Amino acid sequence: MSTPRETLFGGSGPRWFTIAAHRPFLDDLAHALDGVFSGAGPEALAEAVVFTPTRRAARALAEAFVRTASERAVLLPQIRALGDLDEGEPPFEPGELALDLPPAITPLRRRFELARLVVANAHLFERRLDAAGALELADALASFLDSVQIEEVVDPARVESLVEGDLARHWRRSADFLAIATKAWPARLEELGLLDVNARRIALLRALAGQWRARPPERPLVVAGITNAAPAMAELLQAAAEAPRGCVVLPGLDLDLAETAWEQVSDAHPQGGLKRLLDQAGVARGAVRPWPAPEALADQARARSRRRVVNEALRPADATADWLKTIAELRRQGERDGVDPIAEGLKGLSLVVTRAEEETAEAAALMLRETLETPGRTAAMITPDPALARRVSAHLARWDVSVDSSAGAPLAELGAGVLIGLVVRAVAEPLEPASLLAIVKHSRVRLGLDTETLERARRRLERRGLRGARPRSWDELAARLKPRPNEDAVAVVGSVEAAQALLQAFREALDLAAAPFREGFASPAIAARALAEALERLAADAEGRPGGLWGAADGEAAAELLAGLMQEGDALPECSPAAFAQVVRSLLASAAVRSGGASHPRLRILGLIEARLIGADRLVLAGLEEGVWPRPAETDPLLSRPMRAQLGLPSPERRIGSAAHDFAQSACAPEVILLTSERRGGQPAVMSRWLWRLRTLARGARLDLPRRDETVVWARALSAPPAEPPPSLKPALRPAARPPVAARPTQFSVTDVEKLVRDPYAVYARKVLGLRQLERPDERIEARARGTAIHAAFERFGAGWPPPNAEDAGAVFADFYMQALRDQGAPDSLLAREAVLSVRAGEWVAEMERERRGACREVLVERQGVIELGDTTLTCRADRIEVTTSGAHVLDFKTGRIPTDKEVRTDFAPQLTLTAAILMNGGFEGLGQMAPGDLVYLQVNGRRPPGRVEVRVGAVDSEIAAVSALAGFEALLERYRDPNTPYVSRIAPCFVAEQVSDYDHLARVREWSAASDEEEGE
């Protein structure tokens, strides 16, 4: 019987092994190697060198050796990561292998240098490229160069000769550009004295393989877990396998797949990468031996059945026509052992189907948390979706379980990244209130002020400076901070001074960031330096230090990004503030930050690459939807598929095959939960093709994947409201406030009466509670500004009638209107639109004025009226009163919708009729008691038609209508003098869609109006 040493290193090479997908790869690897050297003392194992694909796998292998040794003393072998090869890491550096190689170019500088190359040849793309567009094409060029280097394509410049024939013009120009780039880029690297990272790695791999062949290492040499089929890697593995004490261990090579099916394996198949690797190394699949398993698994039959089921489900599509025969054959083989291999393979495999991503995250978090109930049991979630990983981490926090996602978080979503994004946006869009407010309220912004002063200044700047219309200049913003006429200047002087100091420091910091763009364009490197200085100015504490700006993981990542942009940004073309903001946001989004903080030792959340070779007692495979796992084949903007094939580059489906291998390896674990969602991004999702194949195979055997529907029930129960919620969580009832009679209002304007008729709660909120709506930052003021401007223009126009030159009357009104809009702070977009409309409106108003003035004895504009009704005062402000020999017409100006006849006659719109009642009762000073004439709405908007005169009540009926409206108001007053009469929200539901109150959110209208319970609350 052969010993472990003879099994692994005996005989002549090459020695190729594989560990089956259902086996724990790293544990089996460690156990066998420990068995080889355990008899030679604890130091024997330390002579060996083991190569793994990633650093995470290297750490996990070290842990596996410790588990295998149990309580024995053991010196670990040297464990190196080939996939994460960096400068300064043995066996490549330091040493003679790297002495003749230039250093590698940094990723950021490479990206910028390629962008410069793109811009230099922008004429080939027939469009002007800014910095952001250049970076996008630079990324595509970098991907092409990476493929050329990894696949070691000979003479890539021959791409120019591949466009002969019937190819689109785009591909011809793309080929011309690539032909130039493949010559210019090596020349540029030589000029810089640098090498591409991949080119350098390939050179090191080739040099190491050559060294192993020239001087075969005598120490044990194991290369394990590699699936990379690049030619240089294949040569290195071949050299390792041929070493005197060397071997290669592949993960999950399917030795049971029929030879005909093996020949049909494509790039998109799980075995595609291993097949290419073996072909590159010149090794037949039959020459690969199973790695010696240390012992049988606890459930060996189930594990083998699982592997066979997964492999059969994912076999090449052309080889699935005989699935039913395969199922029958598997069952015949299982009869000898008394088991159904299909049913046995599906044990421990379960499916969870959720409705949407949020429910998916809750279900995954529950399954991970459930694992912790069993002492010592481990679990891992594997997903290619970093957003889902972050959601699961957030849900686990509800149980105080911290699990750090290996994918990290985009810098753009973390504190330092958010601040950088806001500042570049503020530079690109000066005085944009939302950005300015977000910067000022950012937790890392201090602006040299102490905490109390800063908070006081923030409140003043927000309430008085940044709410409402966008300021047009910094001086206008500063003027807004001064005490208002209705404020006690002495009481607010501290807040005003603090806000002015904050605004001055804020302005200086943003001016510093904007300084490079004074001429319109600037170098990104210079702009980045100015941005960093501005950020430090913003974050400076009372002592002038930048505080915690560059602290924590996100601060360090932000500092590294800006430093790289300063050092390498000269390679980018000059850009505008908007283009620079786009560049910075792109860099922030692509920079991942891994906190590396304390994480639960028994839970992991991993991406596909990080999860390779990593095992756990329970695996949750999440994101199993098409477009997520697997992701669609990438579209190459520079090369068509035929061009890629002619150059010898891999097909885009190769990455799908790699993702399929990751899925197949993970799906063979003892307990696997497959998690898929029915919807993504609000759209229906399609189940992953591999999950479909598993379900199809199971149904062919008249079985189905086991379901864990209870997990979804638990997840929904976590988010569902309790059956008997506390009062604070119960749906709100329609508010019906009953304040004391003494607190009820006794002064009403005619517009207040309309609100009292339609929405009494709004009157209660405004007049009893004294609440006023806060303006929003950068609030759109179009409707309000147009209405106010029309009234102001009519007032000035009427006061100056007739104009000096009657022919210019329309232009005079238009000028008055536009000036009033500017006084309101109307944005330029509104001014541009209204400039055209005001001309038509002015002409119409001038003509209307001539016609109506001829029949009038006197015209009064914007006149205040008031009458007393017992202890109640009724007021109005008449837009226009036209006094005639028989009475007075009452006009109201509108720029938007005007009330209908029915609304006026039923007192739902009593503004005109109550104004007429005040006129009848002598409420307008200087007019005395006067009979009302026509009650008219004057609509002016400058459109077609530019204006309308709508008589709602004629002179014959206006007196009756006025008396009726006043009587109705007095009856309404009498009702509200009753302490039991409530101020109910929205008592006129027919106007709900048309009228929106400032107090709807306070009344929780959307909540109670959607509920079935119509009871009134308090």
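Remember, it's a predicted structure, so these values are computed and weren't measured experimentally. Here, residue 1 is the first one in the sequence, and each next residue gets the next number.
For the salt bridge (Lys or Arg N to Asp or Glu O under 4.0 Å) test with Arg880, the passing option among Glu858, Glu849, Glu862, Glu795 is Glu849; the others fail. Each of Thr915, Val963, Ile867 was compared with Met920 under the side-chain contact (heavy atoms from CB on, under 4.5 Å) criterion, and only Val963 meets it.
Residues Trp1008 and Arg986 form a side-chain contact, since some pair of their non-hydrogen atoms from C-beta on lies under 4.5 Å apart.
Taking the side chain to side chain contact (heavy atoms under 4.5 Å, CB included) definition, one finds that Ala792 meets it with Ala820, sequence neighbours left out. Every residue meeting the side chain to side chain contact (heavy atoms under 4.5 Å, CB included) condition with Arg744, not counting sequence neighbours, appears here in chain and number order: Arg738, Pro739, Tyr976, Thr981, Tyr983.
For the atom pair OG1 (Thr873) and CD (Glu868), the distance works out to 3.5 Å, reported to the nearest 0.5 Å. Going from atom CG of Asp879 over to atom CG of Leu938 covers 9.0 Å, rounded to the nearest 0.5 Å. Going from atom CD of Glu851 over to atom SG of Cys856 covers 11.5 Å, rounded to the nearest 0.5 Å. We find the CD-CD1 distance between Gln939 and Ile790 to be 10.5 Å, quoted to the nearest 0.5 Å. The CG atom of Leu447 sits 12.0 Å away from the OG1 atom of Thr453 when rounded to the nearest 0.5 Å.
Contacts classified as salt bridge (Lys or Arg N to Asp or Glu O under 4.0 Å) and involving residues 926-945 (residues at least two apart or in different chains) are not found.
Remark: the backbone N or O of Ala961 is not paired with any side-chain donor or acceptor of Ser964 at under 3.5 angstrom.
More than 12 heavy atoms of other shown residues, nucleotides or ligands fall within 6.0 angstrom of atom CZ in Arg877. Few gaps surround CZ on Arg472; more than 12 heavy atoms of other groups in view lie less than 6.0 Å from it.
Taking the six-membered ring for Trp and the full ring otherwise, Tyr817 and Phe794 have centroids separated by 6.0 Å or more. Within the 6.0 Å centre-distance limit, the rings of Tyr761 and Tyr764 are counted as a close aromatic pair.
In summary, the side chains of Gln819 and Asp815 do not present any donor paired with an acceptor at a separation below 3.5 Å, with no hydrogens or angles considered. For the 3.5 Å distance criterion, the side chains of Gln500 and Gln504 fail to qualify, holding no donor opposite an acceptor.
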